[in-house]
Amino acid sequence: MFQKSYSPQQLLGQTGILSLLLFSLFVVNFISLRNKISGGNSFSILFYTLLIVIFPEVLVDSNAILCSFFLLLSIRRILSFRSLKNIRLKAFDATFWILIASLFYDWAILYLIVVVVAIYFYEPKNIKNWLVPLSAISALALIVPAVLVLSNNLDFLWDHYQFNFQFNHVYFYDWSNSSLLFLYVSIVLLCGFLAFIKMGNVGVGKLVTMRLVVLLFLIGLLVKVLKSSQDTHPILITFFPAVVFITTYVQSIKKENISEMVLMASVFIPFAILLANILMK
């Protein structure tokens with residue numbers, strides 16, 4: 001996985017991309033704190049880092065890192081719909097960042113569904129809100145071709161947006177890949193289910209936010225199924241909603257000793273999985 005060789009120029013570019021991944025950790029923390037998901041602590045950074053430990057292959061997929069970063073910028077704007085301020089501006093920004101993310105993974109364009117759902121949840125009666133995503137699409141439709149003309153790469157859009165429905169049997173029939181993915185999805189969904197149960201009588205705003213996070217996770221899984229291969233690892237784009245579910249569940253544990261045990265296990269298990277994968281391969 002990490003046996004690739006890089007030229008000095010490629011090494012510099014890879015360093016920049018990994019720096020962007022590091023910056024993504026702080027974006028995740030900012031989103032969590034701003035939307036009162038992490039309760040004033042840094043659990044979101046911890047769990048996001050531990051997920052990278054479980055899936056270290058994401059570190060060598062530049063497209064995954066870049067796509068995930070721009071999706072995080074979009075998610076930041078989508079979740080801020082909750083304030084009901086400047087919804088049109090936020091919808092434009094969210095759509096724009098999703099379209100940028102789709103330049104790295106074509107199927108990331110499915111996240112536009114989240115923008116539409118968010119508008120429906122928060123301010124569906126204003127017809128102007130529904131037109132904003134179209135204006136963002138139009139803006140990028142003017143910018144990207146202009147950049148491609150300057151870079152002499154006009155065939156990029158045609159070659160990139162293939163939207164293939166081919167299921168990668170080789171990748172998912174590999175026992176280590178499929179079992180780890182199943183374990184990851186099961187734990188995240190279980191944490192999400194328990195978090196919803198323990199949320200109790202929270203405000204409508206928090207419930208709507210959590211529903212949007214569920215949708216983000218499901219779309220991320222769909223992109224994972226559609227894009228995964230030996231060299232492509234879109235699992236990274238599911239990390240933010242997974243972190244939200246895990247963090248919300250851990251914070252809902254009232255008994256301090258149980259909470260500490262869960263945290264200790266959540267730190268130990270990822271490194272045990274990493275060690276097991278290294279020994280098996």
Side-chain angles (χ1 to χ4, degrees), residues 25 28-29 31-32 35-39 41-58 68 71-72 75 78-79 110-111 113-114 117 171-172 174-226 228 233-277:
L25 291 174
V28 168
N29 192 50
I31 297 173
S32 299
N35 293 279
K36 300 179 181 179
I37 294 172
S38 61
N41 54 55
S42 297
F43 282 168
S44 53
I45 291 181
L46 171 65
F47 291 125
Y48 199 91
T49 304
L50 291 174
L51 288 176
I52 294 175
V53 172
I54 296 176
F55 298 98
E57 61 270 15
V58 301
S68 175
L71 286 176
L72 284 174
I75 291 169
I78 291 172
L79 296 186
L110 290 173
Y111 280 92
I113 296 172
V114 185
V117 172
Y171 179 84
F172 286 100
D174 184 288
W175 182 84
S176 60
N177 293 329
S178 57
S179 58
L180 185 58
L181 179 62
F182 177 78
L183 180 64
Y184 166 67
V185 174
S186 299
I187 292 175
V188 171
L189 291 179
L190 178 61
C191 287
F193 177 73
L194 294 176
F196 267 105
I197 291 177
K198 293 190 175 186
M199 283 174 70
N201 297 321
V202 297
V204 175
K206 184 65 178 290
L207 285 175
V208 171
T209 297
M210 292 300 288
R211 288 170 184 168
L212 290 173
V213 172
V214 170
L215 184 58
L216 288 168
F217 186 68
L218 294 178
I219 292 177
L221 289 180
L222 179 58
V223 176
K224 164 70 177 174
V225 171
L226 294 171
S228 287
H233 308 284
I235 192 68
L236 181 62
I237 66 178
T238 68
F239 283 5
F240 175 76
V243 164
V244 172
F245 291 143
I246 297 171
T247 300
T248 305
Y249 169 66
V250 171
Q251 289 180 157
S252 70
I253 301 175
K254 303 301 181 183
K255 294 184 178 180
E256 187 174 342
N257 57 339
I258 296 178
S259 178
E260 290 177 354
M261 290 175 60
V262 171
L263 285 173
M264 291 174 61
S266 65
V267 173
F268 172 76
I269 293 174
F271 286 98
I273 293 174
L274 177 63
L275 181 61
N277 283 332

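Owing to the predicted nature of the structure, the values given are computational and were not obtained by experimental measurement.
- For the residue pair Asn29 and Ser42, the shortest heavy atom distance occurs at OD1-CA, 4.0 Å.
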Donor-acceptor pairs under 3.5 Å, side chain of residues 213-220 to any protein atom, not counting sequence neighbours: which ones?
none

### Message
Phe271 vs Leu50, test: side chain to side chain contact (heavy atoms under 4.5 Å, CB included). Steps then yes/no.
### Response
CA-CA 8 Å; Phe271 286 98; Leu50 291 174; 4.1 Å; yes

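- Rounded to the nearest 0.5 Å, atoms CZ (Phe47) and CD1 (Ile54) are 10.5 Å apart.
- Judged as a ring-ring contact (aromatic ring centres under 6.0 Å, His included), and not counting sequence neighbours, the contacts of Tyr184 are Phe55.
- Separation of atoms CD1 (Ile197) and CZ (Phe193) is listed at 3.5 Å; rounding is to 0.5 Å.
- Thr248 meets the side-chain hydrogen bond (donor to acceptor under 3.5 Å, both in side chains) test with no other residue; sequence neighbours excluded.
- Heavy atoms only, all atoms of each residue included: Arg211 and Phe196 are closest at N-CZ, 4.4 Å.
- In this structure, CZ in Phe245 is found 10.0 Å from CZ in Phe240, a value given to the nearest 0.5 Å.
- Leu25 contributes atom CG, which lies 10.5 Å from atom CG of Leu46 (distance to the nearest 0.5 angstrom).
- Between Leu221 and Thr238, the closest heavy-atom pair is N-CG2, 3.7 Å.
- Taking CD1 of Ile31 as the reference point, atom CD1 of Ile78 lies at 10.0 Å (rounded to 0.5 Å).
- Residue pairs meeting the side chain to side chain donor-acceptor pair (under 3.5 Å) criterion with at least one partner in residues 217-226, sequence neighbours excluded, are Tyr171-Lys224, Lys224-Ser228.
- Tyr48 is linked by a ring-ring contact (aromatic ring centres under 6.0 Å, His included) to Phe239, counting only residues two or more places apart in sequence or in another chain.
- The CG atom of Leu236 sits 6.5 Å away from atom CD1 of Ile52, with the distance rounded to the nearest 0.5 Å.
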Could you pull out all donor-acceptor pairs under 3.5 Å where a side-chain atom in residues 254-270 meets a protein atom, sequence neighbours excluded?
residue, atom, partner, partner atom, Å
Ser266, OG, Val262, O, 3.3
Ser266, OG, Leu263, O, 2.7

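- Residues Asn277 and Leu180 have side chains in contact (heavy-atom distance under 4.5 Å, counting atoms from C-beta outward).
- Of the listed residues (Val188, Leu189, Leu183, Ile187), just one forms a side chain to side chain contact (heavy atoms under 4.5 Å, CB included) with Val185, and that residue is Leu189.
- Between Leu194 and Ser252 there is no side-chain heavy-atom pair separated by less than 4.5 Å.
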### Message
Please determine whether side chain to side chain contact (heavy atoms under 4.5 Å, CB included) holds for the pair Ser186 and Leu190, giving the CA-CA distance in whole Å, both sets of side-chain angles, and the decisive distance to 0.1 Å.
### Response
CA-CA 6 Å; Ser186 299; Leu190 178 61; over 6 Å; no

